[in-house]
Number of protein chains: 2
Amino acid sequence: MKTDTESHLRMTQRRKEGHEKKQAAADHEKGLLIVNTGNGKGKTTAAFGMAVRVLGHGMKLGVVQFIKGALHTSERDFLGAIAHCDFVTMGDGYTWNTQNREADMATARKGWNEARRMIESGEYRMVVLDELNTVLKYEYLPLDEVLDVLKARPAMLHVVVTGRHAPDALIELADLVTEMRLVKHPYREQGVKAQRGVEF
Amino acid sequence: MKTDTESHLRMTQRRKEGHEKKQAAADHEKGLLIVNTGNGKGKTTAAFGMAVRVLGHGMKLGVVQFIKGALHTSERDFLGAIAHCDFVTMGDGYTWNTQNREADMATARKGWNEARRMIESGEYRMVVLDELNTVLKYEYLPLDEVLDVLKARPAMLHVVVTGRHAPDALIELADLVTEMRLVKHPYREQGVKAQRGVEF
């Protein structure tokens with residue numbers, strides 16, 4: 001795309017006008033229900049990127065990791081050490097490691113009890129429910145119960161739900177939904193393994 | 001999806017086998033060129049989520065923000081305060097605010113000089129080049145020069161490039177590419193404005 005100075009100026013002016021119009025139309029704040037789904041990378045990391053923003057503003061953050069409890073994660077080391085962050089991990093690792101549906105359901109329930117407490121407390125500005133989509137896909141928790149708690153959340157609370165296979169009813173209820181789409185992945189194509197700093 | 005205990009067990013066993021097979025095939029580590037693009041939310045936040053992992057492991061992180069220099073961001077407050085993170089912001093805000101192509105190009109060059117220094121130093125485990133795609137789309141920097149530096153990076157350095165409109169040649173060179181696809185956005189649909197903790 002070649003642009004000379006004049007046509008660049010026209011283009012950026014049009015963009016500025018468009019941007020200002022959009023901003024003027026967007027005039028209120030509310031707690032958002034945010035869903036990161038899809039088969040690509042970035043669902044959990046995008047949640048933690050927002051977490052960084054929340055913490056940077058000095059706001060209180062809650063995190064419940066539903067599936068990754070058995071895995072050591074540096075995000076837990078890092079965020080969990082911050083005073084205005086409550087970071088809870090549940091789960092005995094991925095379901096294909098535990099091979100026990102009843103145990104998975106009990107663990108999901110314990111995680112959900114923590115999540116519900118955080119949501120209903122009114123103390124948090126953002127609550128991240130990492131891999132809740134996966135829990136819902138396997139029906140480890142009743143979808144209706146989860147949706148009811150999310151609907152009744154405090155007006156200014158942002159809730160971020162991550163994981164593949166977000167249920168349709170959750171997408172319907174959500175304010176902001178992003179699908180992380182895999183374009184290229186080095187596991188598959190180059191035999192590169194999961195690496196510290198990138199995957200965990 | 002209803003599953004009784006037995007079929008659940010079969011399914012999770014198959015998954016476990018598939019997962020183990022994939023892991024066995026993926027046997028080496030390398031510094032990845034990671035690109036987050038698309039029109040959805042999560043490109044920058046997913047980069048900062050990986051940044052949290054890198055910092056949680058005690059590894060050194062570099063960040064150059066190419067476009068957002070004029071905006072106050074809490075990620076800069078938060079990550080920039082960490083000892084093993086070098087966080088540099090360049091740019092006078094979005095191009096539709098500056099209306100000056102020559103100034104944008106000079107700013108992009110300053111940012112790139114910092115980025116290049118970080119990449120070539122061998123001191124970092126990850127370097128995040130936030131909104132570099134946007135800089136390349138507007139041809140504020142020569143694409144070939146950028147690609148040459150990325151190709152010659154240290155073997156274990158991860159570089160993360162974010163922004164809409166990633167150039168084809170960058171996608172071609174990259175190891176891991178994710179498209180953040182907008183499914184639903186509250187600006188557009190509900191007139192909700194950009195909010196602290198979510199957008200900045």
Side-chain angles (χ1 to χ4, degrees), chain A residues 1 5 8-9 12 15-16 19 22 25-30 32 36 40-42 44-46 48-50 52-57 59 74-75 77-79 95-97 99 101 125-126 139 158 174-187 190-193 195-198 200, chain B residues 5 8-9 12-13 15-16 19 22 25-30 32 36 40-42 44-46 48-50 52-57 59 74-75 77-79 95-97 99 101 125-126 139 158 174-187 190-193 195-198 200:
Chain A
M1 190 193 62
T5 301
H8 179 81
L9 191 61
T12 56
R15 276 177 185 264
K16 186 176 182 176
H19 191 67
K22 257 205 299 199
D27 60 356
H28 64 286
E29 300 204 331
K30 63 174 272 195
L32 300 176
N36 294 343
K41 188 168 166 52
T44 296
T45 44
F48 288 132
M50 281 188 281
V52 161
R53 291 181 174 165
V54 165
L55 294 171
H57 284 298
M59 299 164 170
S74 65
E75 59 255 34
D77 292 348
F78 187 78
L79 297 175
T95 184
W96 52 81
N97 286 324
Q99 307 284 330
R101 181 168 171 82
R125 184 56 189 263
M126 180 178 281
E139 297 183 340
H158 305 301
D175 300 292
L176 173 60
V177 180
T178 308
E179 179 198 347
M180 278 63 179
R181 200 173 70 80
L182 182 150
V183 178
K184 217 177 187 185
H185 201 295
Y187 278 25
Q190 299 180 40
V192 172
K193 70 181 187 183
Q195 294 178 93
R196 290 193 305 158
V198 177
F200 56 92
Chain B
T5 300
H8 179 79
L9 191 60
T12 57
Q13 275 172 342
R15 276 177 186 264
K16 187 176 182 178
H19 191 66
K22 257 205 300 199
D27 61 355
H28 64 286
E29 301 205 329
K30 65 175 271 195
L32 301 176
N36 295 342
K41 187 167 167 55
T44 296
T45 45
F48 288 131
M50 281 187 283
V52 161
R53 290 181 174 165
V54 165
L55 294 171
H57 285 297
M59 298 163 169
S74 64
E75 59 255 34
D77 293 348
F78 186 78
L79 297 176
T95 184
W96 50 82
N97 287 325
Q99 308 283 332
R101 181 167 170 81
R125 183 57 189 263
M126 181 178 280
E139 297 183 338
H158 304 301
D175 301 290
L176 173 61
V177 181
T178 309
E179 180 198 347
M180 278 65 180
R181 201 174 70 79
L182 183 149
V183 178
K184 217 178 187 185
H185 200 297
Y187 277 27
Q190 299 179 40
V192 173
K193 70 182 186 183
Q195 295 179 91
R196 290 194 305 159
V198 177
F200 56 92

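Here is how names work: the chains are called A, B, and so on, in the same order as the sequence lines, proteins then strands, and each is numbered from 1. Every heavy atom of this structure was used, including side-chain atoms; hydrogens, water molecules and symmetry mates were not.
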Point-to-point distance, once rounded to the nearest 0.5 Å, from NZ of B:K41 to CE of A:M50: 5.5 Å
Over all atoms of both residues, closest heavy-atom pair of A:H185 and B:L176: CD2-CD1, 3.5 Å
Part of B:L32 within contact of chain A (heavy atom distance under 4.5 Å): side chain
Contacts of type side-chain hydrogen bond (donor to acceptor under 3.5 Å, both in side chains), residue B:T45, not counting sequence neighbours: none
Portion of B:M180 that has a non-hydrogen atom of chain A nearer than 4.5 angstrom: both
Heavy-atom pair count under 4.5 Å with chain A, highest-scoring of B:T44, B:V54, B:L79, B:T178: B:T178
Choice from A:A46, A:G40, A:G42 maximising heavy atom contacts with chain B below 4.5 Å: A:A46
Which of B:E29, B:M59, B:H158 touches chain A most, by non-hydrogen pairs under 4.5 Å: B:E29
For chain A, the option from B:R53, B:M126, B:R181 that forms the most heavy-atom pairs under 4.5 Å: B:R53
For B:R125, side-chain hydrogen bond (donor to acceptor under 3.5 Å, both in side chains) partners two or more places apart: none
B:R101 CZ to B:E139 CD distance, which is reported to the nearest 0.5 Å: 6.5 Å
